[in-house]
Asks: 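Below you'll find the structure I mean.
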Number of protein chains: 2
Amino acid sequence: MGVTKTEIFTAEQNRVADLAKAFAHPARVAILQMLATRQACVCGDLVEELPLAQATVSQHLKELKRIGIVRGDIDPPRVCYCIDEAVWQEARHVFGDLFDSLLKRTCC
Amino acid sequence: MGVTKTEIFTAEQNRVADLAKAFAHPARVAILQMLATRQACVCGDLVEELPLAQATVSQHLKELKRIGIVRGDIDPPRVCYCIDEAVWQEARHVFGDLFDSLLKRTCC
DNA sequence: AGTATTCATCGTATTATTGCGATGAATACT
DNA sequence: AGTATTCATCGCAATAATACGATGAATACT
C-alpha cells in the first residue's frame with residue numbers, strides 16, 4: 001500500500017531505517033559529503049554545485065533536517081547548513097554495531 | 001518527477017545510496033538482522049517471524065538481492081537466504097569511510 | 001496422478017518520493 | 001518605498017515504493 005508499518009518494528013529498527021534514508025539518495029549523499037568535508041558551511045552554495053533546482057535541494061535539506069543529521073542555523077537572509085555532529089556519531093555507532101553483528105555462518 | 005537523476009552523480013555516490021537503501025526500511029533492517037545473527041539461514045522462517053505477508057517479504061528479499069547484500073541459494077523447494085559477506089564488508093567500509101570524512105567545523 | 005510445501009511473480013491499490021516552476025516570506029541595501 | 005538576495009513552501013506531474021491477494025512454478029511425498 002505504499003504505507004510502511006512502522007508500528008510493528010522496534011524503535012531501533014525504525015531509527016536505523018530513518019538514518020539510512022539520509023544516505024539513500026545520491027543527491028543527499030552529495031550534500032552530506034559537501035557539508036562534512038568543508039571547512040565552512042556551504043549554505044546556498046549547495047545549489048550552485050549541484051545540478052538540481054533550488055526547490056529540490058531545499059526539499060532534500062528538509063528531509064535531512066527531519067532526520068536530524070543536518071542543522072540549519074539561520075543567518076538572515078542566508079541559512080547555514082551544518083552536520084549535527086551528535087547525530088552523525090549516532091549514525092556511525094548504529095551502523096557500526098549493525099555491521100559488527102554479522103556472525104560466522106554454518107550454512108550456504 | 002519521482003525519477004532519480006543517477007547519471008549526474010558519481011558512481012560512488014550512487015553505490016552508497018544503493019547500499020543505504022538496503023537499510024532504509026525497517027522490514028529490511030529486521031531481515032538483515034535475522035540473517036546476520038542466526039547460525040543457520042532462516043529461509044522461509046522470515047515470513048513466520050515477520051508480521052508481513054509472504055509476497056511482501058519476498059519483494060524485500062528481491063530488493064536486497066538486487067543490491068547484492070543478500071544471496072538466495074536454492075535448495076528446492078526452499079531457498080536459503082544468506083548475507084553476502086563480501087558485500088556486507090563493502091558496505092561497512094563505504095559507510096566507515098563516509099563517517100570518517102567529517103572534519104572539524106569552523107562555523108555554526 | 002494427486003496433494004502439499006515453498007517461494008516468485010503478477011496485478012492492483014495506495015502512499016511516498018523526486019523534481020521543478022511559481023510564489024511568498026524575510027531581510028538587507030539603496 | 002523600491003529592489004535584490006536567499007530560502008521555504010505550494011502545487012503539480014511523474015515515477016518509485018509498499019503491501020497483499022491470487023496465481024503459478026518447482027519440487028517432494030503419498
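Proteins get letters first, then strands, A, B, ... in listed order; numbering begins at 1 in each. Bear in mind the structure is a predicted one, so any value in this text is a computation, not a measurement.
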Asks: With a sphere of 6.0 Å drawn around CZ of B:R15, does it hold more than 12 non-hydrogen atoms of other residues, nucleotides or ligands?
Replies: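 Yes, the 6.0 Å shell around CZ holds more than 12 heavy atoms from other groups.
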Asks: Return the value, rounded to whole Å, for the distance between atom CD1 of A:I8 and atom P of D:dA19.
Replies: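 Going from CD1 in A:I8 over to P in D:dA19 covers 7 Å.
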Asks: Categorize A:Q59 for me: base, sugar-phosphate, or nothing, with a 4.0 angstrom heavy-atom threshold over every strand shown.
Replies: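 Result for A:Q59 = base.
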Asks: Using a 4.0 Å heavy-atom cut-off, does A:A53 contact any base of the nucleic acid, only the sugar-phosphate backbone, or nothing at all?
Replies: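 If one applies the 4.0 Å heavy-atom cut-off, A:A53 turns out to touch the sugar-phosphate alone, with no base involved.
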Asks: Test of understanding: with salt bridge (Lys or Arg N to Asp or Glu O under 4.0 Å), list the residues that count as partners of B:D75, not counting sequence neighbours.
Replies: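 If we apply the salt bridge (Lys or Arg N to Asp or Glu O under 4.0 Å) test to B:D75, skipping adjacent residues, there are no hits.
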Asks: Of all of residues 19-29 of chain B, which get a heavy atom below 4.0 angstrom from DNA chain D, listed by number?
Replies: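 Heavy-atom cutoff 4.0 Å gives B:K21, B:H25, B:R28.
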Asks: Quick one: is D:dC7 close enough that its OP1 or OP2 comes under 4.0 Å of any side-chain N or O from A:S58?
Replies: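 No.
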Asks: Taking CZ from A:R78 and C1' from D:dT5, how many angstroms apart are they, rounded to a whole number?
Replies: 8 Å
Asks: Mind checking what makes side chain to side chain contact (heavy atoms under 4.5 Å, CB included) contact with B:V94, not counting sequence neighbours?
Replies: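 Scan of B:V94 (side chain to side chain contact (heavy atoms under 4.5 Å, CB included), adjacent residues dropped) gives B:V16, B:L19, B:E90.
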Asks: In terms of side-chain heavy atoms of A:A55, which of D:dA19, C:dC7, C:dG21 is nearest?
Replies: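 The nucleotide sitting nearest to the side chain is C:dG21.
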Asks: Roughly, in whole Å, what's the span from CG in B:L64 to C1' in D:dA17?
Replies: 14 Å
Asks: Considering only heavy atoms from C-beta outward, does the side chain of A:L52 approach that of B:I8 to under 4.5 Å?
Replies: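 Side chain of A:L52 against side chain of B:I8, heavy atoms only: contact under 4.5 Å found.
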Asks: So that I can compare with my own list, what are the stems of DNA chain D, taken as at least three consecutive Watson-Crick or G-U pairs with distances under 3.5 Å?
Replies: C:1-30 with D:1-30
Asks: Atom CG of A:L61 to atom P of D:dT6: distance rounded to whole Å?
Replies: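 One finds 16 Å between P of D:dT6 and CG of A:L61, rounded.
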Asks: Give one of base, sugar-phosphate or nothing for A:L52, where a contact means two heavy atoms less than 4.0 Å apart.
Replies: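 Result for A:L52 = sugar-phosphate.
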Asks: Fit a plane to each ring of B:F23 and A:F95, take the angle between them on a 0 to 90° scale, and name the class: parallel (under 30°), tilted (30 to 60°) or perpendicular (over 60°).
Replies: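 Answer is perpendicular, since the angle exceeds 60°.
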Asks: Could you grab the distance from atom CZ of B:R28 to atom NZ of B:K21, nearest 0.5 Å is fine?
Replies: 8.5 Å
Asks: Can you list the residues that meet the salt bridge (Lys or Arg N to Asp or Glu O under 4.0 Å) rule with A:R66, with sequence neighbours excluded?
Replies: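 For A:R66, the residues satisfying salt bridge (Lys or Arg N to Asp or Glu O under 4.0 Å) (neighbours in sequence not counted) are A:D18, A:E63.
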Asks: Nearest-Å distance, CD1 (B:I31) to P (D:dA19)?
Replies: 10 Å
Asks: Between atom CG of B:L50 and atom CE of B:M34, what is the distance when rounded to the nearest 0.5 Å?
Replies: 5.5 Å
Asks: Where the side chain of A:V79 is concerned, which of D:dA19, D:dC7, C:dC20 is the nearest nucleotide?
Replies: D:dC7
Asks: For the pair made of CD in B:Q54 and P in D:dG24, what is the distance, rounded to whole Å?
Replies: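 Whole-Å distance recorded here is 15 Å.
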Asks: Base, sugar-phosphate, or nothing for B:E63, non-hydrogen atoms under 4.0 angstrom?
Replies: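 It contacts nothing in the nucleic acid.
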Asks: Just jot down the salt bridge (Lys or Arg N to Asp or Glu O under 4.0 Å) partners of B:E12, sequence neighbours excluded, or say none.
Replies: none
Asks: Does this structure show an ion pair linking B:R92 with B:E85, if we count only N-O contacts that are shorter than 4.0 Å?
Replies: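 Salt bridge: no.
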Asks: A:K62 or A:P77: which one's nearest nucleotide on DNA chain D is closer to the 5' end?
Replies: A:P77
Asks: Could you tell me whether A:I74 contacts a base, only the sugar-phosphate backbone, or nothing, with contacts defined as non-hydrogen atoms closer than 4.0 Å?
Replies: nothing
